[in-house]
Amino acid sequence: MTYLGVDYYPEHWPEEMMGEDLQGIKDMGANIIRIGEFAWHLMEKEEGAFDFSYFDHVIEKAKQHGLDVMFGTPTATFPAWLAQKHPSILSENENGNKRVFGGRRQYCFNSDKYRQYAAGITKQLVQHYKDEEAIVSWQIDNEFGHEGSDMCYCDQCYAAFHQYLENKYDSVGQLNDEWGTIFWGQTYNDFSEIPIPKPTVTTHNPTLKLEWARFRSSSVNGFTHEMTAIVNEHKGSHQTVTTNVSGGFFDKWFDHEENVKPMDFVSYDNYPVWGGLEKPIPPEAIAMTHDFNRGLLDQNYWIVEELMGAQGHDVIGYLPRPNQAKMWSYQAFAHGCSNMLYFRWRGMTKGAEQFCYGVVDHDNVYGRKYKEVQSLFNEIKEHEELLNAEINSDVAVLYDYDNIWSWRSQIQSKDFDFNAELLRLYRPFYRKNTNIDVIPATRDLSTYKVVLVPVMQLMDDTLASRLRTFADEGGTVIFSYRAGLKGRDNNIRLGEVLPGPVRELIGARVEEIESLTAAHQLELQGEGSFAEVPAHISVWRDLLVPEQAETLYSYQDQFYKGYAAVTKNSFGKGSVYYVGGGLSEEALEKIAADVTNDCGIDTIESERDVEVYRRHIGGDSYLFLMNHSDKEKSYGMEKLGPFESRIVKG
Ligand code: GAL
């Protein structure tokens, strides 16, 4: 069964509206609602006074309307009485200010008190509903780490960080040695002397910052896993467990693969536009988020918050045009979403999300957006088997949270942005309409033909040797700049010529480097078939000297004319590209064209802004067609109106 539905907050509305709402939801073609994720106070008005009668009633009504339920454990927003009684549960910002009650997600992951109360409500709730057939799934909390909530500098975190370090290092001497605390005379006599990276004069030790990031990650994931274990212990066997991943996952302080390990499936909240944005993020950026979420458990996933109306807390932006949000849903289904709920049934008249527009607006008129969702639900129901079919990709993009955090604390170029650098390599393959997986760097590579390795400055020998084997056996690797700069400890290796452990693989050495701005674009000269493709580089440049590799592009500026900017090497049976900076789009598209051609990868030519995604059921092939533009477009004989989308056999 394909689940299609909405996020519904019956507690926001007069009781007498519930029947009509549920009927409206049902008439739209839905079969599920998600409820409860912010309603702790409704279930425990006073400490220990658990009362689920309100939701008993909601669930009874949902059943009468033939709707199943996903229930969110309510730990993202705790009751005011709890904050008043135990202020220690409140997280602190870097200046030592407690986040006051109000807003949401302002709890400290390392607060024992919070864990105790969160465990209490979670256990009572799940036990109460373990036999409820209508509840088919539990969502743990809501959007871990969102809105900066994964960071806290309180004393509990400080103490837990010391414990984390003591567990990890044999002695403080070993830590001093690995962190290089001899620098600026920061040598510690005891673990208790080590600071957390609150603001100081200039900057902290890079390894301290990386360890702090890892510690943050273990704090968030420790809490998540504790809550998940409670749900798993008490739930009914017919009930599944998930948690919803929010956007901006590369900007968070926790490893998402680790976070979702105990889940039955991943859920994602898909908001291609939010807040004050003038226009949505580009199609490839949306696509990449789907590929990331599918990659977390290497299986199809749910979307439990799909945007329909304009969104924002205090500032609102772009209104999705007619059929645009529907097209984003098709895009999500194309990339592996198998079940979808829209956020939210109706926009709320009061509270912080008055401007988060839903399927229905405050006027309660079932208008254009309602009909759009209804048509999507009706169309997509036909394709259940297709939505559940496995996706196999020839191309993978590798990421590693240690590497991301290492960059985050030392961006090196003022215009460096990890997300943008990942998309820089992803985009040209996306435009070839080939399926791409976005996966942690530790995954098996043997099923791929091409592996993209954006800005992997933290590279241990294990990854380097796995990439060597991959290329040796015929794979193509595309690195971008700074590859192999540092080891796992976030330190630069002594006496090693860059790109360090992958120098032989790349067949070129980096002699000097320069940080550029985005506006500082250096013209490059192409060689051979690249001679006709104009190119420039910005944000960063590595000055390369080929050893075995051939030069694809070289610099032309005074002093550095002749140094290579982009190289290609033959290694074993495979090929290795090195892109030594922020290379411009056209040149990367030429590389993607050569690579997909050489590797015999299935590509589909389409007009710009027409996305075509191929899926299979057995030997049959289906194409998801998405027009991301406000113009008429076509794909073969298929005409696509502005923002139109559909599935065709082909
Ligand atoms: C999500 C969140 C929802 C709601 C929504 C508004 O990030 O999970 O609770 O706040 O944004 O767009």
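All heavy atoms count here, side chains included; hydrogens, waters and symmetry mates do not. Ligands are counted one by one from 1 in listed order, and the atoms in each one are counted from 1 as well.
At least one heavy atom of Arg104 sits under 4.0 Å from some atom of ligand 1. Contact between Cys356 and ligand 1 is present, with at least one heavy atom of the residue lying under 4.0 Å from the ligand.
Aromatic rings of Phe254 and His256 (six-membered ring for Trp) have centroids within the 6.0 Å cut-off, being under it.
For ligand 1, the atoms lying closer than 4.0 Å to a non-hydrogen atom of His146 are 7 (O). The distance from ligand 1 to the heavy atoms of Asp269 drops below 4.0 Å at these ligand atoms: 8 (O). Remark: ligand 1 atoms within the under-4.0 Å shell around heavy atoms of Glu143 are 1 (C), 2 (C), 7 (O), 8 (O). Those atoms of ligand 1 that come under 4.0 Å of a heavy atom in Trp274, given as number and element, are 6 (C), 12 (O). Residue contact check: Phe38 has heavy atoms under 4.0 Å from atoms 9 (O) of ligand 1.
Using a 4.0 Å cut-off between charged nitrogen and carboxylate oxygen, Arg34 and Glu305 count as a salt-bridge pair. Under a 4.0 Å N-O distance rule, the pair Arg105/Glu147 does not qualify as a salt bridge. Ion pairing of Glu421 with Arg424 is present here, as a side-chain N (NZ or NE/NH1/NH2) and a carboxylate O approach within less than 4.0 Å. With salt bridges taken as basic N to acidic carboxylate O contacts below 4.0 Å, one links Arg294 and Asp291. Electrostatic pairing of Glu284 and Arg427 counts as a salt bridge here, judged by a charged N lying under 4.0 Å from a carboxylate O.
A donor-acceptor pair is defined here as one N or O able to donate and one able to accept, closer than 3.5 Å; no such pair exists between the side chain of Asp437 and the backbone of Ile439.
Of the protein's heavy atoms, Tyr271 OH, 3.6 Å lies nearest to atom 11 (O) of ligand 1. The protein heavy atom nearest to atom 8 (O) of ligand 1 is Glu305 OE2, 2.8 Å. Given atom 10 (O) of ligand 1, the protein heavy atom at minimum distance is Glu353 OE2, 2.3 Å.
In terms of polar-atom proximity, Asn244 is not counted as a contact of ligand 1, lacking any N or O under 3.5 Å from an N or O of the ligand. Residue Gln311 has at least one N or O atom closer than 3.5 Å to an N or O atom of ligand 1. The distance criterion of under 3.5 Å between nitrogen or oxygen atoms is met by Asn142 with respect to ligand 1.
Screening Thr242, Thr73, Asn244 for a side-chain hydrogen bond (donor to acceptor under 3.5 Å, both in side chains) involving Gln139 leaves a single residue, Asn244.
Enclosure of atom CG in Asp264 by more than 12 non-hydrogen atoms of other residues, nucleotides or ligands within 6.0 angstrom is indicated.
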